[in-house]
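The structure appears right after this line, and notes come after that.
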Amino acid sequence: MLIIVQNLPVPLDRRVWLECRALTAAGYEVSVICPKGPGDPAYQLLDGVHLYKYAPPPQAEGALGYAWEFLYCWVRTALLSVKVRARRRFDVMQACNPPDTYWALALLWRLGGVKFVFDHHDLNPEVFLSRFGEPTGFAGKLQYRILKWLERRTFRTANRVTSTNTSYQKIAWTRGDVPPEHTTVVRSGPDTTVMRPVEGVDELRRGGKHLVAYLGIMGPQDGVDGVLEVARRVVFDRGRTDVRFALLGFGDCLEDLKKQATAWGLDPYVEFTGRVGPEQITRYLSTSSVGLGPDPLSPLNDVSTMNKTMEYMAYALPVVTYRLQETVVSAGECAVLVEPGDVEGFTTSLLDLLDDAERRARLGFEGRRRCEAVLDWRPQAENYVAVFDGLTGFASRGPFPDGRPELGAGTDQWGNKMIDVSDDAVLRAFAVTRTGE
């Protein structure tokens with residue numbers, strides 16, 4: 001199997017890494033082509049997965065900049081695919097968007113008998129609309145039409161399409177004319193045997209009573225500026241100097257967000273961690289009292305699954321989020337839902353939850369149990385591997401041949417004391433105190 005990713009390095013792209021691990025556990029050999037992260041080698045064999053990486057291009061600006069970025073990454077990926085093929089023949093190529101450009105590489109490899117799976121992560125036409133609005137000028141209309149054409153070509157080239165939710169699957173059927181039997185929903189659910197709470201780290205609260213967390217990309221469409229607006233209202237309008245905010249992640253807007261926080265005098269209350277790995281995510285989300293979903297209503301966000309919502313829930317972390325279609329599907333009754341755009345309502349809902357320990361206990365407990373029963377990666381991994389079994393005829397041993405690990409107490413690989421999530425009373429208590437007591 002060859003998996004192609006352009007927008008994030010692997011294993012930082014948690015969905016793709018889960019997919020890689022599921023395939024290798026089932027008996028497939030997996031190679032990945034992706035850009036380098038800071039300090040990454042050009043080649044690495046990690047947990048049985050062959051990682052081939054190229055130096056990323058400079059950050060793109062404007063239409064020409066994005067066109068150059070896509071061309072550069074496409075050529076570097078194509079050259080590395082030849083290198084992968086020289087080491088070992090691959091039978092299936094999977095491309096994860098954005099962008100929707102690797103169907104052309106799939107056509108080339110089809111001459112060698114390679115089949116193509118499209119792992120549909122983003123709706124690129126909706127990304128355009130969410131950032132720039134409905135195009136009115138010639139240039140904007142042309143860009144939008146090109147994006148829709150690239151999307152159609154990707155759908156029509158694919159032998160199979162894996163969609164992150166049913167909204168995306170319906171777009172594959174209607175806009176992509178993909179036969180329903182060639183689509184499979186593979187949600188980006190957390191592996192709850194790995195994403196599980198540990199005893200909180202008091203130092204991360206930086207002297208506050210409560211820590212509030214945001215985890216995710218910081219782009220124009222992600223609404224992280226709204227987190228700063230909520231923080232400003234919490235600290236200065238409501239006088240709540242006992243609350244601290246941790247913003248975990250990176251993206252195009254990170255530096256501007258830091259400047260805004262400084263300009264508003266929020267530096268003592270807001271921490272930007274930058275790029276984070278599994279250990280930092282575990283500690284911050286296990287220490288926090290509430291997780292935030294600030295994504296504004298847009299053509300993209302309304303039908304996209306927000307991984308952070310499910311990851312908060314995996315750590316028994318109550319969620320305050322805007323009411324978006326697919327966010328409601330993920331969270332069910334386990335989140336506090338605010339009408340999109342109501343920043344004052346979001347602020348009030350956050351403070352009300354921070355001051356209601358019993359409600360935090362209920363939402364945190366129910367969120368973790370929903371993750372285990374409904375959103376967990378394990379059934380999604382079985383669906384995912386079945387796509388490749390069907391394409392190749394390989395009788396795999398499945399993604400979890402060793403069964404399910406125990407969920408009792410103990411220590412994780414970094415020495416953190418894990419919470420016994422199999423015990424209802426212990427989990428309920430942790431959802432409030434964020435300690436192991």
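Atoms considered below: every heavy atom in the structure, side chains included; atoms not considered: hydrogens, waters and symmetry mates. Residue numbers start at 1 and run along the sequence shown.
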**Heavy-atom pair with the smallest gap, counting every atom of L324 and M306** = CD1-CE, 4.4 Å
**Prompt:** Under 3.5 Å, side chain of D119 to main-chain N/O of A95, donor-acceptor pair present?
**Reply:** no
**Asked** With side chains defined as the heavy atoms from C-beta onward, is the minimum distance between C371 and P190 less than 4.5 Å?
**Response** yes
**Side chain D252, main chain M218, donor-acceptor under 3.5 Å** = no
**Request:** Measure from the side-chain N and O atoms of R370 to the backbone N and O of L375, and report whether any donor-acceptor pair falls under 3.5 Å.
**Result:** no
**Request:** Determine which pairs satisfy side chain to side chain donor-acceptor pair (under 3.5 Å) with at least one residue from residues 104-114, sequence neighbours left out, and list them in order.
**Result:** S81-W109
**Asked** Any side-chain donor-acceptor pair under 3.5 Å between S167 and Q325?
**Response** yes
**Request:** Could you grab the distance from atom CG of D302 to atom CG of L297, nearest 0.5 Å is fine?
**Result:** 5.0 Å
**Message:** Checking the side chain of S286 only, and the main-chain atoms of V198 only, is there a donor and an acceptor separated by less than 3.5 Å?
**Reply:** yes
**Message:** For E151, is there an ion pair with K148 - N to carboxylate O distance below 4.0 angstrom?
**Reply:** no
**Message:** By the ring-ring contact (aromatic ring centres under 6.0 Å, His included) test, which pairs, at least two apart or in different chains, include something from residues 180-228?
**Reply:** none
**Complete:** So the ring-ring contact (aromatic ring centres under 6.0 Å, His included) pairs with at least one residue in residues 7-34 (sequence neighbours excluded) are Y28-F394
**Residues E333, R369: salt bridge by 4.0 Å N-O rule** = no
**Message:** Main chain of R378, side chain of D376: is a donor-acceptor contact present, judged purely on distance under 3.5 Å?
**Reply:** yes
**Message:** Checking Y284 now: which residues fulfil ring pair (Phe, Tyr, Trp, His ring centres under 6.0 Å) with it, not counting sequence neighbours?
**Reply:** none
**Message:** Strictly by salt bridge (Lys or Arg N to Asp or Glu O under 4.0 Å), give each pair with a member in residues 385-398 just once, sequence neighbours left out.
**Reply:** none
**Over all atoms of both residues, closest heavy-atom pair of C34 and V10** = SG-N, 3.5 Å
**Prompt:** With side chains defined as the heavy atoms from C-beta onward, is the minimum distance between E326 and T166 less than 4.5 Å?
**Reply:** yes
**Message:** Is it true that R283 and N416 share a donor-acceptor pair across their side chains at a distance under 3.5 Å?
**Reply:** yes
**Asked** What's the spacing between S304 OG and Q221 CD if we round to 0.5 Å?
**Response** 9.0 Å
**Request:** Just jot down the side-chain contact (heavy atoms from CB on, under 4.5 Å) partners of R206, sequence neighbours excluded, or say none.
**Result:** R244, E271
**Request:** Taking all non-hydrogen atoms of both residues into account, name the closest pair between C20 and I3 and its distance.
**Result:** SG-CD1, 3.9 Å
**Prompt:** Do N124 and D100 have side-chain N/O donor and acceptor atoms under 3.5 Å apart?
**Reply:** yes
**Asked** Sequence neighbours excluded, which residues qualify as ring pair (Phe, Tyr, Trp, His ring centres under 6.0 Å) partners of Y315?
**Response** none
**Item:** V270 and L247, any side-chain heavy atoms less than 4.5 Å apart
**Value:** yes
**Request:** Mark yes or no for whether R187, through its side chain, and N165, through its backbone, hold a donor-acceptor pair below 3.5 Å.
**Result:** no
**Asked** Between S130 (side chain) and L300 (backbone), is there a donor-acceptor pair under 3.5 Å?
**Response** yes
**Request:** Name all residues meeting the ring pair (Phe, Tyr, Trp, His ring centres under 6.0 Å) criterion together with H120; count only those two or more places apart in sequence or in a different chain, and write none if there are none.
**Result:** F118, F155, Y168
**Prompt:** V185 versus N383: any side-chain heavy-atom pair under 4.5 Å?
**Reply:** no
**Asked** Quick one: are I4 and M93 in side-chain contact, heavy atoms under 4.5 Å?
**Response** yes
**Asked** Is the backbone N or O of P278 less than 3.5 Å from a side-chain atom of T282, with the two atoms forming a donor-acceptor pair by type?
**Response** yes
**Gap separating the CG atom of L2 from the OG atom of S31, nearest 0.5 angstrom** = 6.5 Å
**Asked** Once you round to the nearest 0.5 Å, how far does OG of S288 lie from CG of L317?
**Response** 6.0 Å
**Message:** Any non-hydrogen side-chain atom of R205 less than 4.5 Å from a side-chain atom of R434?
**Reply:** yes
**From CA spacing to verdict: salt bridge (charged side-chain N to carboxylate O under 4.0 Å, His left out), E311, R14** = CA-CA 11 Å; E311 291 170 357; R14 294 192 289 280; 2.8 Å; yes
**Neighbour count >12 (heavy atoms, 6.0 Å) for atom CD, E358** = no
**Message:** I'd like to check the side-chain contact (heavy atoms from CB on, under 4.5 Å) partners of C253; sequence neighbours left out, ordered by chain and number.
**Reply:** P220, L257
**Asked** If every non-hydrogen atom of Y72 is compared with every non-hydrogen atom of A55, which pair is closest and at what distance?
**Response** OH-O, 2.5 Å
**Request:** Kindly indicate whether the side chain of V319, heavy atoms from C-beta on, has any atom under 4.5 Å from the side chain of L363.
**Result:** no
**Prompt:** Within 45 degrees of the axis of the six-membered ring of F250 and under 6.0 Å from its centre: does R275 put its NZ or CZ there?
**Reply:** yes
**Asked** Ion pair present between E19 and R15, side-chain N to carboxylate O less than 4.0 angstrom?
**Response** yes
**Prompt:** Can you name the nearest heavy-atom pair linking T183 to V178, along with the distance?
**Reply:** CG2-CG1, 3.4 Å
**Approximate separation, where rounding is to 0.5 Å, of Y102 OH and I33 CD1** = 9.0 Å
**Prompt:** Which residue pairs pass the salt bridge (Lys or Arg N to Asp or Glu O under 4.0 Å) test when at least one of the two sits in residues 152-167, sequence neighbours left out?
**Reply:** R156-D177
Give the table of side-chain donor-acceptor pairs shorter than 3.5 Å for residues 44-52, with sequence neighbours excluded, one pair per line with atom names and distance.
| residue | atom | partner | partner atom | Å |
| --- | --- | --- | --- | --- |
| D47 | OD2 | R21 | NH1 | 3.3 |
| H50 | ND1 | Y43 | OH | 2.7 |
| H50 | NE2 | E29 | OE2 | 3.3 |
| Y52 | OH | R87 | NE | 2.7 |

**Prompt:** Does the side-chain contact (heavy atoms from CB on, under 4.5 Å) test come out yes or no for V421 and E372, once each step is laid out?
**Reply:** CA-CA 10 Å; V421 294; E372 294 170 348; 4.2 Å; yes
**Heavy-atom donor-acceptor pair, R131 side chain to E126 backbone, under 3.5 Å** = no
**Test applied, side chain to side chain contact (heavy atoms under 4.5 Å, CB included); reference residue, L292; option that passes from V224, V212, L215** = V212
**Prompt:** Looking at W103 versus W149, is the centre-to-centre ring distance below 6.0 Å?
**Reply:** yes
**Message:** Taking ring pair (Phe, Tyr, Trp, His ring centres under 6.0 Å) as the definition, give me every residue that meets it alongside F388, ordered by chain and number, with sequence neighbours left out.
**Reply:** Y384
**Item:** Flag, side chain of N159 to backbone of F116, donor-acceptor distance under 3.5 Å
**Value:** yes
**Prompt:** Any Lys/Arg nitrogen of K417 or D412 sitting under 4.0 Å from an Asp/Glu carboxylate oxygen of the other?
**Reply:** no
**Fill in**
Between P318 and G364, the two heavy atoms sitting closest are CG-N, 4.1 Å
**Message:** Do Q6 and P99 have side chains that approach each other closer than 4.5 Å (heavy atoms only, starting at C-beta)?
**Reply:** yes
**Complete:** In this structure, SG of C334 is separated from CZ of R362 (nearest 0.5 Å) by 8.5 Å
**Asked** When the ring centroid of Y322 is compared with that of F346, is the distance short of 6.0 Å?
**Response** yes
